[in-house]
Visitor: 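First the structure, then my questions, so here it is.
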Amino acid sequence: MQPFIFNHIALSVKDVDTSIAFYQKVLQLKEIKNTASNSKTRWLSIGEGKQLHIIPRPDAIIKTNKAVHFALSTTDIATFILHLKELKIEYSDWIGTPNKDYVRNDGILQVYFQDPNGYWIEVNNDI
């Protein structure tokens, strides 16, 4: 199986502008273009191609949900999806369609699944 590399962190926040200002001020992260969609989600560069995604959820009580996940990238996502199937691990696209992958607007293929504790993991081919 191909090795994985770290891709991004996603955080749900009450106010995107406040969060962006905090990370720019405290960590001096630079804002970069959101290439996946035209949503109000904003991206910050962590460096070396790594990103912090700030996702607006103004009315949510912050808890574990699919928008709070970590992502890994692989050059061979098809083999990884087969691996999930062999292990009988359920995966889905972003909207929750079982056993379905998803191609974002920018052409990146992705799948999501949960660990035994319910934390969401994304695997994509953004290499």
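These values consider heavy atoms only, across backbone and side chains, with no hydrogens, waters or symmetry-generated copies.
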Visitor: With the 4.5 Å side-chain cut-off for hydrophobic clustering, are Ile9 and Val123 part of the same group?
Guide: no
Visitor: Residues two or more places apart in sequence or in another chain: which of them pass salt bridge (charged side-chain N to carboxylate O under 4.0 Å, His left out) with Asp106?
Guide: Arg104
Visitor: Taking salt bridge (charged side-chain N to carboxylate O under 4.0 Å, His left out) as the cut-off, I'd like each qualifying pair that reaches into residues 21-31, sequence neighbours left out, listed once.
Guide: Glu31-Arg42
Visitor: Could you pull out all residues at least two apart from Tyr102 that satisfy ring pair (Phe, Tyr, Trp, His ring centres under 6.0 Å)?
Guide: none
Visitor: State yes or no: do Val68 and Leu72 share one hydrophobic cluster built from I, L, V, M, F, W and Y residues joined by side-chain heavy-atom distances below 4.5 Å, directly or via other members?
Guide: no
Visitor: Taking side chain to side chain donor-acceptor pair (under 3.5 Å) as the test, write out the residues that go with Lys40, two or more places apart.
Guide: none
Visitor: Between Pro58 and Pro56, what is the shortest heavy-atom contact and its length?
Guide: CD-C, 3.6 Å
Visitor: Rounded at 0.5 Å granularity, tell me how far NZ in Lys66 sits from CD1 in Ile55.
Guide: 12.0 Å
Visitor: According to side chain to side chain donor-acceptor pair (under 3.5 Å), who are the partners of Thr75, at least two apart in sequence or on a separate chain?
Guide: none
Visitor: Is there a path of hydrophobic side-chain contacts, each under 4.5 Å between heavy atoms of I, L, V, M, F, W or Y residues, that connects Ile32 with Leu11?
Guide: no
Visitor: What residue pairs, at least two apart or across chains, pass ring pair (Phe, Tyr, Trp, His ring centres under 6.0 Å) with a residue in residues 22-52?
Guide: Trp43-His53
Visitor: A quick test of your reading: do over 12 heavy atoms of other residues, nucleotides or ligands sit less than 6.0 Å from CD of Glu90?
Guide: no
Visitor: Could you list the cluster mates of Ile108? Members are the ILVMFWY residues connected by side-chain heavy atoms closer than 4.5 Å, either directly or through other members.
Guide: none
Visitor: Ser12 and Asn65: side chain to side chain contact (heavy atoms under 4.5 Å, CB included), yes or no, with the steps?
Guide: CA-CA 9 Å; Ser12 291; Asn65 61 71; 3.7 Å; yes
Visitor: Linking I/L/V/M/F/W/Y whenever any side-chain heavy atoms sit under 4.5 Å apart, do Phe70 and Leu44 land together?
Guide: no
Visitor: I'd like to check the side chain to side chain contact (heavy atoms under 4.5 Å, CB included) partners of Asn7; sequence neighbours left out, ordered by chain and number.
Guide: Ala71, Ser73, Asn124, Asp126
Visitor: Which residues end up grouped with Leu82 if you chain together Ile, Leu, Val, Met, Phe, Trp and Tyr wherever their side-chain heavy atoms are less than 4.5 Å apart?
Guide: none
Visitor: Please check this pair: side chain of Asn125 against backbone of Leu109, looking for a donor-acceptor N/O pair closer than 3.5 Å.
Guide: yes
Visitor: How long is the span from the OG1 atom in Thr74 to the CZ atom in Phe80, to the nearest 0.5 Å?
Guide: 8.0 Å
Visitor: Working to the nearest 0.5 Å, report the span between OG of Ser45 and NZ of Lys50.
Guide: 10.0 Å
Visitor: Kindly state each residue pair satisfying salt bridge (charged side-chain N to carboxylate O under 4.0 Å, His left out) with at least one member in residues 68-86, sequence neighbours excluded.
Guide: none
Visitor: What distance do Ile121 atom CD1 and Phe4 atom CZ have between them, rounded to the nearest 0.5 Å?
Guide: 10.0 Å
Visitor: At what distance, to the nearest 0.5 angstrom, does CD1 of Ile77 lie from NE2 of His83?
Guide: 13.0 Å
Visitor: Members other than Trp94 in its cluster, when Ile, Leu, Val, Met, Phe, Trp, Tyr link by side-chain heavy atoms under 4.5 Å?
Guide: Ile95, Tyr112, Trp120
Visitor: Kindly give the heavy-atom pair with the smallest separation between Ile20 and Ile54, and that separation in Å.
Guide: CD1-CG1, 3.8 Å
Visitor: Hey, what else clusters with Ile127 if you join Ile, Leu, Val, Met, Phe, Trp, Tyr whenever side-chain heavy atoms sit under 4.5 Å?
Guide: Ile5
Visitor: When Val111 is tested against each of Asp101, Asn99, Asp93 for side-chain contact (heavy atoms from CB on, under 4.5 Å), which residue passes?
Guide: Asp101
